[in-house]
Amino acid sequence: MVPKECLPPDGVMVEVDGEPVCAGGLYIGVGTQFAFMEWIVTDKNADQRTTHKCLKECIDSIIQLAKSKGMKLVYTATKEQALHKRYTKYHNMVLTESNVKTFLRDLDGSYSKDLTWISDDEHIDNRNK
């Protein structure tokens with residue numbers, strides 16, 4: 001789970017009958033017109049059709065939130081193939097990079113012990129060897 005203090009202050013959660021189905025956050029580049037959409041998550045137990053509809057609402061709402069805050073660009077990165085298709089098909093996003101690797105520097109050492117919340121399975125397994 002993403003540490004609470006690392007979540008962006010702006011985001012969207014979509015619920016059905018009081019139950020969260022999906023959510024995502026928006027980091028704003030202070031002093032810029034650039035925003036980063038991140039942590040798009042879904043309830044794995046939710047119905048697929050419900051999840052599809054809620055994700056569309058969630059991502060559209062995050063993009064609208066960025067516009068309302070004066071942003072000109074919204075950037076995101078994900079390894080999830082389903083989101084790749086969704087971003088281009090339903091949200092008019094343009095694929096700009098492939099084969100991206102992500103890196104993190106823990107500045108004070110408080111997160112290095114458990115980075116599972118930000119790592120994929122391959123890198124979790126490599127660190128555990």
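The residues of the chain are indexed from 1 along the displayed sequence.
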Peer 1: For Asp114, enumerate each residue passing the salt bridge (charged side-chain N to carboxylate O under 4.0 Å, His left out) test, keeping only those at least two apart in sequence or located in another chain.
Peer 2: none

Peer 1: Would you say Tyr27 and Tyr111 are hydrophobically clustered, going by side-chain heavy atoms of ILVMFWY under 4.5 Å?
Peer 2: yes

Peer 1: Nearest 0.5 Å, what's the SG-CG distance between Cys54 and Asp43?
Peer 2: 10.0 Å

Peer 1: Hey, does Ile118 have a side-chain heavy atom less than 4.5 Å from the side chain of Leu104?
Peer 2: yes

Peer 1: Does Gln48 have more than 12 heavy atoms from other residues, nucleotides or ligands lying within 6.0 Å of its CD?
Peer 2: no

Peer 1: Quick one: does any side-chain atom of Ser68 pair with a main-chain N or O of Leu65 as donor and acceptor, under 3.5 Å?
Peer 2: yes

Peer 1: Rounded to the nearest 0.5 Å, how far does OG of Ser98 lie from NE2 of His84?
Peer 2: 8.0 Å

Peer 1: For Lys67, which residues count as a salt bridge (charged side-chain N to carboxylate O under 4.0 Å, His left out) partner, sequence neighbours excluded?
Peer 2: none

Peer 1: Quick one: closest heavy-atom pair of Pro8 and Gly25, and the distance?
Peer 2: CG-CA, 3.6 Å

Peer 1: Just say parallel, tilted or perpendicular for the rings of Trp117 and Trp39, cut-offs at 30° and 60°.
Peer 2: tilted

Peer 1: Which residues pass the ring-ring contact (aromatic ring centres under 6.0 Å, His included) test with Tyr90, sequence neighbours left out?
Peer 2: His52

Peer 1: To the nearest 0.5 angstrom, please state how far the OG1 atom of Thr88 sits from the CG atom of Leu83.
Peer 2: 10.5 Å

Peer 1: Would you indicate whether Asp108, at its atom CG, is surrounded by more than 12 heavy atoms from other residues, nucleotides or ligands within a distance under 6.0 Å?
Peer 2: yes

Peer 1: Can you hop from Val16 to Val41 via hydrophobic side chains spaced under 4.5 Å?
Peer 2: no

Peer 1: Tell me every residue that passes ring-ring contact (aromatic ring centres under 6.0 Å, His included) with His91, counting only those two or more places apart in sequence or in another chain.
Peer 2: none

Peer 1: Hey, is the main chain of Lys44 close enough, under 3.5 Å, to the side chain of Thr42 for a donor-acceptor pair?
Peer 2: no

Peer 1: Check whether any side-chain heavy atom of Leu55 lies under 4.5 Å from a side-chain heavy atom of Val21, and answer yes or no.
Peer 2: no

Peer 1: Can Leu95 be reached from Met93 by stepping across I, L, V, M, F, W or Y side chains whose heavy atoms are under 4.5 Å apart?
Peer 2: no

Peer 1: Okay, side chain of Thr50, backbone of Ala46: is any donor-acceptor separation there less than 3.5 Å?
Peer 2: no

Peer 1: Can you name the nearest heavy-atom pair linking Ile28 to Ala35, along with the distance?
Peer 2: CD1-CB, 4.0 Å

Peer 1: Asp10: what forms a salt bridge (charged side-chain N to carboxylate O under 4.0 Å, His left out) with it, not counting sequence neighbours?
Peer 2: Lys69

Peer 1: Tabulate below the donor-acceptor pairs under 3.5 Å that side-chain atoms of residues 71-81 make, not counting sequence neighbours, or state none.
Peer 2:
from  : atom 1 : to    : atom 2 : distance (Å)
Tyr75 : OH     : Glu97 : OE2    : 2.6
Thr76 : OG1    : Met37 : O      : 2.7
Thr78 : OG1    : Glu80 : N      : 3.1

Peer 1: So do Tyr87 and Asn92 actually touch side chain to side chain, heavy atoms under 4.5 Å?
Peer 2: no

